[in-house]
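Numbers restart at 1 for each chain; the letters A, B, ... are given by sequence-line order, proteins then strands.
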There are 2 protein chains.
Amino acid sequence: MDDATEPARASELPGGRALPKTDKSEQTRALILETAMRLFKERGYDKTTMRAIAAEAGVSVGNAYYYFASKEFLIQGFYDQMTHAHAADARSRMAGKKDFAERLGIALDSWVDCAAEYHGFASQFFRTAADPTSSLSPFSNESHPARATAVELFHEVLNGSDLAPKLDAELADLLPELLWLHLMVVVLYWVFDRTPDTERTREFVTRSTPMAARVINLSRYRVFRPIVRDAKSLIQDFILPTIGRTAKP
Amino acid sequence: MDDATEPARASELPGGRALPKTDKSEQTRALILETAMRLFKERGYDKTTMRAIAAEAGVSVGNAYYYFASKEFLIQGFYDQMTHAHAADARSRMAGKKDFAERLGIALDSWVDCAAEYHGFASQFFRTAADPTSSLSPFSNESHPARATAVELFHEVLNGSDLAPKLDAELADLLPELLWLHLMVVVLYWVFDRTPDTERTREFVTRSTPMAARVINLSRYRVFRPIVRDAKSLIQDFILPTIGRTAKP
DNA sequence: CCAATATTTCGAACGTGTTCAAAACCCCCT
DNA sequence: AGGGGGTTTTGAACACGTTCGAAATATTGG
């Protein structure tokens with residue numbers, strides 16, 4: 001559950017510096033991160049200054065920068081936290097369900113629920129994540145652990161369903177990443193969603209999920225064979241490499 | 001051709017201020033924009049300071065802010081410019097061609113060509129565009145003119161092809177916006193593309209275009225009817241409203 | 001227990017985007 | 001010509017993210 005925090009944290013540290021040694025160090029780091037997250041939620045990302053975070057946490061500005069290379073890296077904390085919270089929540093809610101569409105819907109709904117409290121500064125987060133040169137981009141190497149966690153969840157969404165055995169192996173292999181892309185689309189929708197309680201995003205999930213399920217279902221039939229084959233190779237050659245899966249050997 | 005610059009510029013001005021009155025004003029504004037674009041290309045967005053832009057243009061910092069509400073708004077200039085250059089280039093290259101896939105490929109290739117010289121600071125641009133609260137977002141109201149120009153181009157891509165008469169009216173009505181979304185995907189791919197001369201993006205266009213064409217083609221057949229109907233209503237209810245097309249009455 | 005070394009903390013200083021009140025300029029009216 | 005309105009221009013000042021050398025503190029080795 002927490003096994004991914006260690007490597008994730010390493011990437012937040014400036015340069016190639018060694019990991020913290022003491023307990024106190026660990027405490028300080030956690031204190032700064034928690035304070036930052038609290039202030040972000042209270043005032044939003046922009047309105048929260050590094051000076052305010054430091055002051056509120058009772059440390060100096062320089063100290064905050066000792067643990068986090070930049071203000072943006074504080075967001076990585078939120079990112080990791082959410083990824084794990086989402087995976088756990090989705091798993092418990094899916095337990096026992098067999099219908100693929102239902103499982104997928106649960107996984108996506110769960111994300112919207114877990115992310116709800118952060119919607120206020122989601123735009124700032126997204127802005128950072130959208131920078132390809134930033135290690136916070138969902139496509140970056142640094143995000144690989146979090147992305148892997150999420151993809152693994154969708155692997156379970158599929159494999160826990162009664163649809164999995166009916167699919168051909170090659171497609172089943174591609175699907176987890178595709179479903180993760182579906183989540184990315186939902187995230188995009190969510191970020192731009194201005195309706196109260198992101199009601200519209202929830203409807204979007206409700207509507208798009210059965211459709212995704214149907215497309216996957218239909219892909220088994222003969223008529224769709226050629227188009228599915230094309231889609232598969234397009235994804236394999238152009239999408240997967242971009243999101244950190246090596247091309248097949 | 002230039003008819004969209006007037007309203008576009010209005011949105012760059014701070015507050016609800018009136019449009020510039022004199023010729024000199026117009027010249028100053030153009031000078032600042034050109035200088036900024038040149039420096040962006042030379043040194044990149046981050047390395048170009050507002051002070052440097054002002055100095056190079058021979059004006060004061062405050063003066064630059066009189067014409068552009070923020071550094072980011074200088075990018076709007078690039079955006080508008082590119083949109084029009086792309087539309088013109090694509091139109092001339094499509095002239096005479098009738099095959100839909102070919103026309104679509106030309107339109108997308110043309111974009112990659114027009115954008116090539118800006119790839120260096122594309123990430124900065126994209127970062128800004130990704131902020132939903134920013135007026136520079138491709139989904140924002142302020143970007144509506146540029147988006148409309150682009151959508152109109154794809155309208156022509158379709159209607160100039162021999163495929164158009166074969167499609168049902170409702171689908172044909174939706175397609176321009178969908179093709180624009182295809183462009184947005186290409187843009188996303190391009191922004192993250194690190195291969196020399198964005199070679200990979202060009203391949204992606206070459207591969208994805210015929211597939212899009214085939215999907216559209218197949219949509220006419222009976223078996224696909226239900227899924228197409230679902231997709232249409234999903235797009236109509238959830239995608240178009242988000243990108244500024246009012247829902248059907 | 002002391003010295004030496006490593007880790008952590010500090011806060012003043014720097015560079016940058018942005019603001020704003022005042023000055024300069026321009027044009028029209030009497 | 002002079003003055004009064006709007007428009008344009010100025011540059012000093014501000015706030016914030018970030019850096020960095022030095023101080024404080026902890027850890028280790030003899």
Item to complete: Could you tell me which non-hydrogen atom of B/Thr149 sits nearest to which non-hydrogen atom of B/Ala87, and how far apart they are?
Response: CG2-CB, 4.3 Å
Discussion item. Parallel, tilted or perpendicular, judged at 30° and 60°: which one describes the rings of A/Phe204 and B/Phe238?
Written reply: tilted
Practice prompt. Provide, to the nearest angstrom, the distance between the CG atom belonging to B/Leu39 and the P atom belonging to C/dG17.
Written response: 12 Å
Discussion item. I want to check one thing: is the phosphate of D/dT9, taken as OP1 and OP2, less than 4.0 Å away from some side-chain N or O of B/Lys24?
Written reply: yes
Worksheet, complete the sentence: Separation of D/dT18 atom C1' from A/Leu74 atom CG, nearest Å, is 13 Å
Item to complete: Establish, with yes or no, whether the OP1 or OP2 oxygen of C/dG17 is under 4.0 angstrom from a side-chain nitrogen or oxygen of B/Ser70.
Response: no
Discussion item. Nearest heavy atom decides the nucleotide; on that basis, is A/Gly62 or A/Thr49 closer to the 5' end of DNA chain D?
Written reply: A/Thr49
Item to complete: Take the protein atom CD of A/Glu26 and the nucleotide atom C1' of C/dT8, then report the distance between them rounded to whole Å.
Response: 14 Å
Worksheet item: Can a side chain N or O of B/Lys47 be found less than 4.0 Å away from OP1 or OP2 on C/dT16?
Response: no
Worksheet item: Taking NZ, NE, NH1 and NH2 as the nitrogens, is one of them in A/Arg207 or A/Glu203 under 4.0 Å from a carboxylate oxygen of the other?
Response: no
Worksheet item: In whole Å, what is the span from the CZ atom of B/Phe40 to the C1' atom of C/dG17?
Response: 12 Å
Fill in: Gap between atoms CE and C1', on A/Met50 and D/dT19 respectively (whole Å)
12 Å
Worksheet item: What integer distance in Å separates A/Tyr67:OH from C/dT7:P?
Response: 12 Å
Worksheet entry | Between C1' of C/dT19 and CG of B/Asn63, the distance in whole Å | 14 Å
Discussion item. For a quick test of reading the model: is some side-chain N or O of B/Tyr66 closer than 4.0 Å to OP1 or OP2 of D/dT9?
Written reply: no
Fill in: Listed nucleotide nearest any side-chain atom of A/Tyr65, set D/dT9, D/dT18, C/dT9
D/dT18
Practice prompt. Return the nearest nucleotide to the side chain of B/Ser25; candidates are C/dG17, D/dT8, D/dG11.
Written response: D/dT8
Worksheet item: Would you say the base of D/dG17 and the side-chain of A/Arg51 have a donor-acceptor pair closer than 3.5 Å?
Response: yes
Practice prompt. State, with a plain yes or no, whether a side-chain heavy atom of A/Thr28 is found less than 4.5 Å away from one of A/Tyr66.
Written response: no
Discussion item. If you assign each of A/Asp46 and B/Val59 to its closest nucleotide in DNA chain D, which residue comes earlier from the 5' end?
Written reply: B/Val59
Discussion item. Just the rounded figure in Å: distance from C1' of C/dT8 to CD1 of A/Ile32.
Written reply: 11 Å
Discussion item. At 4.0 Å (heavy atoms only), tell me whether B/Val61 reaches a base, stays on the sugar-phosphate, or touches nothing.
Written reply: base
Item to complete: Using the six-membered ring wherever Trp is involved, compare the ring planes of B/Tyr45 and B/Phe40 and label them parallel, tilted or perpendicular (cut-offs 30° and 60°).
Response: tilted
